[in-house]
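What follows is a set of notes on a single structure, which appears directly below.
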Amino acid sequence: MTGPAGDRDGRDPTTRELPAARDGAPPDPVTRELAAVDPAALDPRHRAWSLGRMGSETFDVLVVGGGVTGTGAALDAATRGLSVALIEARDYAAGASSKSSKLIHGGLRYLEMLDFGLVREALRERRLLLTELAPHLVRPVPFLWPLTHRGWERPYVGTGLLLYDQIGGRLAVPRARHLSRSRALRLAPALRRDALVGAVQFYDAQEDDARMVACLARTAAEHGAALATNVRMDGLRTEGSRVTGVVARDLLEQADLTIRARHVVLATGAWARPDGPLRVRPSKGVHIVVPRDRIRMDTGLLTRTEKSVLFVIPWGDHWVIGDTDTEWPHDPGRPAASRADIDYLLAKVNAMLRDPLGHADIEGVFAGLRPLVAAPDTADTTRLSREHTVSSAAPGLTAIAGGKFTTYRVMARDLIDAAAADLPQPVAPSRTDTVPLLGAAGYGEHWAGRQRLAERSGLPVAQIERLLGRYGSCVDDLLRLIARRPELGQPLEGAGGYLAAEFVYACTHEGAVRLDDALARRTRTAIEVRDRGVTAAPHAAALMAPELGWTPARTSEEIARYRDAVAADLAGQAEPDDDAAHRAHAAVPDPIGFYGQ
């Protein structure tokens, strides 16, 4: 087994020691060039290097799936000293991992369901992420829980939140506090006076889910993992009864490849194969995004619904409102929000607001699928467990489903534990509870020196603060890029305040290879700008093209494909139900078929 790329024995940690070819020949020119650059830079050279390794090596572990669990598993395996590869058919976080509620939380409704184990596990992970692993990406966020009944409700909710705080540990977030109706309305004047009799304010934590996944992928690369998106698994490779790798398709180069591995792990979420080891019931969650000035509050909001809860979550200059929980029987690659989903969310939030929201207020809509493990006797997805399940269905093959974004690290640990038990040599235990994500080291010092960074870069302090909250100490890379190309320090037209440099950096460091990678996930233009990024698309493509080697024809194709995808989303959102919304989506061809179909 191979260890992570050199770092701990005096070698320069900013360079990568790369393997020779299988015949012992020196590395090719691409490999030699990459050895002298940032090993965590997921640029086209890293993809070429990774694909070269995938065609020549036998890995200890091959991870299929580039969501939060898959990238977390790649990091877990790499930091144990295993050789690891990861393939993803679309993009990092292209599925549910970019379409969550953007929260790191224990799950108050699971506490009410007496699922103490899940809540305790999630709150432990919240504390680790806030304080040690990703303080640059995860931050406390306040919520108001309105009380609607006098007498019994305050002690009931208060006791639950006291327990929530105690399980969560000291100092991770501020403690819950009780508020009178008057004090609650001072914090949230947007609420109708008759919508509450008082409130309790509590804290959870927030992150940008897609950014977290990209950061996990980069951290795994820093520790020696080979990663490539737009590589689709088309089947398993077997020798006798044992799985020994996969057959795959490079969708960018239209080339087939065989990847050999001692163990394959499937972290494919809602894309679980119907004939696979785990039966998944995808549950659709829909959120809407509205401008921050449409709801006058200095706090987030949590309120009960008939089956679950509704969150109103502060998100920069916006609010994220969600979500829904309904079964999705259609293509897992094309979850679609319908008008019924949007009407439901508007009705629930408007029941609390003095000034109701309308469809015209909506800037963005997103729909994702929770990969819940099926229970044969449960018809309602709201009652399916959020705990994860690991299944070792055959020698050399393990799969995972279920779970929560918050507990991705535990899920990844359990998945690699199962894989390690099948490997021929002993494997070290997981150590990701002590491995900060890229950008965490030095973040505190950068934050303390943000005024100096602003003066040196010529950017406003508020812009530096925003960048630090997205890149942590890696902001230095971005500022060097702007120093070399000052025009990149300007906001990109139509992108809602994101700098032009962020689109270039998405290609040179964060693995973006398609236009929607940058507009929908490396930045969140697609859900934060009213036209969903259509105006920004040609400007972003013009910046990305030279970094990715696009021809004019390829650039035009990327712009057209993005506009078609936006049109399909909007068409689905005008339809009355899931079936009609799915048909509207299906009218636009998916460039990445499901498992080779």
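We number each residue from 1, following the sequence as shown. Worth saying up front: this structure is predicted, and the values here are computed from it rather than measured.
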Do we see a donor-acceptor contact under 3.5 Å between the side chains of [X] and [Y]?
X      : Y      : result
His582 : Asp331 : no
Asp76  : Ser430 : yes
Arg514 : Asn230 : yes
His585 : Asp569 : yes
Thr326 : Thr324 : no
Asp323 : Tyr344 : no
Ser473 : His136 : no
His178 : Arg154 : yes
Arg139 : Gln206 : no
Glu528 : Tyr498 : yes
Arg521 : Ser98  : no

inquiry  = Working to the nearest 0.5 angstrom, can you tell me the gap between Leu310 CG and Arg304 CZ?
reply    =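 Result: 13.0 Å between the selected atoms.
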query = Do side-chain atoms of Thr407 reach the backbone of Lys404 as a donor and acceptor pair under 3.5 angstrom?
reply = yes
query = Backbone N or O of Arg90 within a donor-acceptor pair of the Glu88 side chain at under 3.5 Å?
reply =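 It does hold such a pair.
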side-chain contact (heavy atoms from CB on, under 4.5 Å) assessment of Leu216 paired with Arg409 = CA-CA 10 Å; Leu216 280 164; Arg409 194 194 62 80; over 6 Å; no
query = Going by the angle between their ring planes, with limits at 30° and 60°, are Phe143 and Phe202 parallel, tilted or perpendicular?
reply = parallel
task = Evaluate the ring planes of Tyr443 and Trp447, with Trp represented by its six-membered ring, and classify them as parallel (under 30°), tilted (30 to 60°) or perpendicular (over 60°).
result = tilted
message = In the structure I gave you, are the side-chain heavy atoms of Leu108 and Trp145 within less than 4.5 Å of one another anywhere?
response = yes
ask   = So, is the end of the Arg466 side chain (NZ or CZ) under 6.0 Å from the ring centre of Tyr471 and within 45° of the ring's axis?
value = no
request  = Identify which one of Lys99, Lys102, Arg524 satisfies the salt bridge (charged side-chain N to carboxylate O under 4.0 Å, His left out) criterion when paired with Asp208.
outcome  = Arg524
